[in-house]
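What follows is one structure encoded as C-alpha cells, with my remarks underneath.
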Amino acid sequence: MSKLKNKIAVITGGSSGIGLAAAKRFVEEGAYVFITGRRQSELEKAKAAVGKNVTTVQGDVANLADLDKLYATVKSEKGALDIVVANAGIVEMVPTAQVTPEHYDKTFNVNARGTFFTVQKSLPLLRNGGSVVLVGSGVHTKGFPFYVTYAATKAAMRSFVRS
C-alpha cells in the first residue's frame with residue numbers, strides 16, 4: 001500500500017495506543033513519521049514496533065520548548081511536513097468536587113494547550129494541502145462528573161477544529 005508515499009507526518013503521543021497504531025499504519029502506507037512522547041523508554045519500544053521510517057523525539061506537548069525541539073528536528077531531517085496528528089492526551093478520573101488546581105492545570109496544559117500549540121507550531125512546515133488531525137472524544141457531550149476536566153478539554157478541541 002502507498003496512500004501516504006513520501007508523506008512526512010508528526011504524531012504526538014505516538015508511543016502507545018492510538019498514536020502508535022497510527023504511526024505503524026502511516027509507515028505501512030509509505031509515510032515517514034516523527035513520534036513524540038514523554039517517556040524515552042516507551043518511545044524506544046515504539047520505534048522498534050514501527051520498525052522503519054520513524055524518528056522519535058522525547059518531549060511533553062505542554063512544554064512549548066519541547067514542541068520547538070520537535071519541529072526543529074522535522075525541519076532539519078525532512079524540511080517540511082504533510083500531516084500532523086495531535087493525539088497526545090491524558091485522562092484522570094477525578095470527581096468535580098475533588099478537582100484541584102494542579103489536576104485542572106495538568107489536564108488543560110496537555111489536552112488543550114498542548115494540542116493547540118502542536119498545530120500552531122507546525123504551520124510554518126506544513127505544506128499546502130497538508131492535513132491536521134485532532135484526536136478527540138465525545139465525552140464532552142455527556143456530562144460525566146468524574147471526567148469534568150477531561151471533557152472540558154475535549155470541548156475546547158472541538159472549538160479549535162470549528163475555528
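- In this structure, the separation between CG on Asp68 and NZ on Lys121 is 3.5 Å, given to the nearest 0.5 Å.
- Between the NE2 atom of His103 and the OH atom of Tyr150 there is a distance of 12.0 Å, given to the nearest 0.5 Å.
- Annotation: Arg39, atom CZ; neighbour count of heavy atoms from other residues, nucleotides and ligands within 6.0 Å does not exceed 12.
- Here the side chain of Ser137 pairs no donor or acceptor atom with the backbone of Lys154 at under 3.5 angstrom.
- Contact record, Ala112 with Ala156: CB-CB, 4.3 Å, taken as the closest heavy-atom pair.
- With hydrogens and angles ignored, the 3.5 Å screen pairs a side-chain donor or acceptor of Ser163 with a backbone N or O of Ser159.
- When atom types are taken as modelled, the side chain of Ser122 and the backbone of Val119 share a donor-acceptor pair closer than 3.5 angstrom.
- Leu43 and Leu20 fall within a single hydrophobic cluster, where Ile, Leu, Val, Met, Phe, Trp and Tyr side chains are chained together by heavy-atom contacts under 4.5 Å.
- No continuous path of hydrophobic side-chain contacts links Phe34 to Val85 [ILVMFWY only; heavy atoms under 4.5 Å].
- Without hydrogens or angle criteria, Asp82 side chain to Ile8 main chain gives a donor-acceptor distance under 3.5 Å.
- Residues Ala88 and Thr115 come closest through the heavy atom pair O-OG1, 4.4 Å.
- The number of heavy-atom neighbours closer than 6.0 Å to CZ of Phe108, taken from other residues, nucleotides and ligands shown, is above 12.
- Taking the side chain as every heavy atom from C-beta outward, Thr107 and Arg113 never approach each other to under 4.5 Å.
- For the pair Tyr71/Val10, a side-chain contact is recorded, criterion being any heavy-atom separation below 4.5 Å from C-beta on.
- Taking the side chain as every heavy atom from C-beta outward, Val84 and Leu126 approach each other to under 4.5 Å.
- Ile83 and Phe116 fall into different hydrophobic clusters, where Ile, Leu, Val, Met, Phe, Trp and Tyr are joined by side-chain heavy atoms under 4.5 Å apart, directly or via other members.
- Asn87 contributes no side-chain N or O that, together with a main-chain N or O of Ile11, makes up a donor-acceptor pair within less than 3.5 Å.
- Annotation: side chain to side chain donor-acceptor pair (under 3.5 Å) contacts involving residues 46-61, sequence neighbours excluded, comprise Tyr32-Thr55, Thr55-Glu77.
- Residue Leu81 is grouped with residue Leu67 when hydrophobic side chains (ILVMFWY) are merged at heavy-atom distances under 4.5 angstrom, including chains of intermediate members.
- When side chains are defined from C-beta on, Val61 does not count as touching Asp66, because their heavy atoms never get closer than 4.5 Å.
- Contact check on Lys5 versus Glu29 returns no salt bridge, with no Lys/Arg side-chain nitrogen under 4.0 Å from an Asp/Glu carboxylate oxygen.
- Taking the six-membered ring for Trp and thresholds of 30 and 60 degrees, Phe144 and Tyr147 have ring planes more than 60 degrees apart, a perpendicular arrangement.
- Here the side chains of Glu102 and Lys106 are not in contact, with every heavy-atom distance at 4.5 Å or above.
- For the atom pair CG of Leu70 and CD1 of Ile35, the computed distance is 11.0 Å after rounding to the nearest 0.5 Å.
- In the displayed structure, Leu64 atom CG is contacted under 6.0 Å by more than 12 heavy atoms of other residues, nucleotides or ligands.
- Atom CZ of Phe146 sits about 14.0 Å away from atom CD of Glu92, to the nearest 0.5 Å.
- When hydrophobic clusters are built by joining Ile, Leu, Val, Met, Phe, Trp and Tyr residues whose side-chain heavy atoms come closer than 4.5 Å, directly or via intermediates, Leu4 is grouped together with Val50.
- Pairing each heavy atom of Ala49 with each of Lys24, the nearest pair is CB-CE, 3.7 Å.
- Atom-to-atom distance recorded for Leu134:CG and Phe160:CZ is 8.5 Å, nearest 0.5 angstrom.
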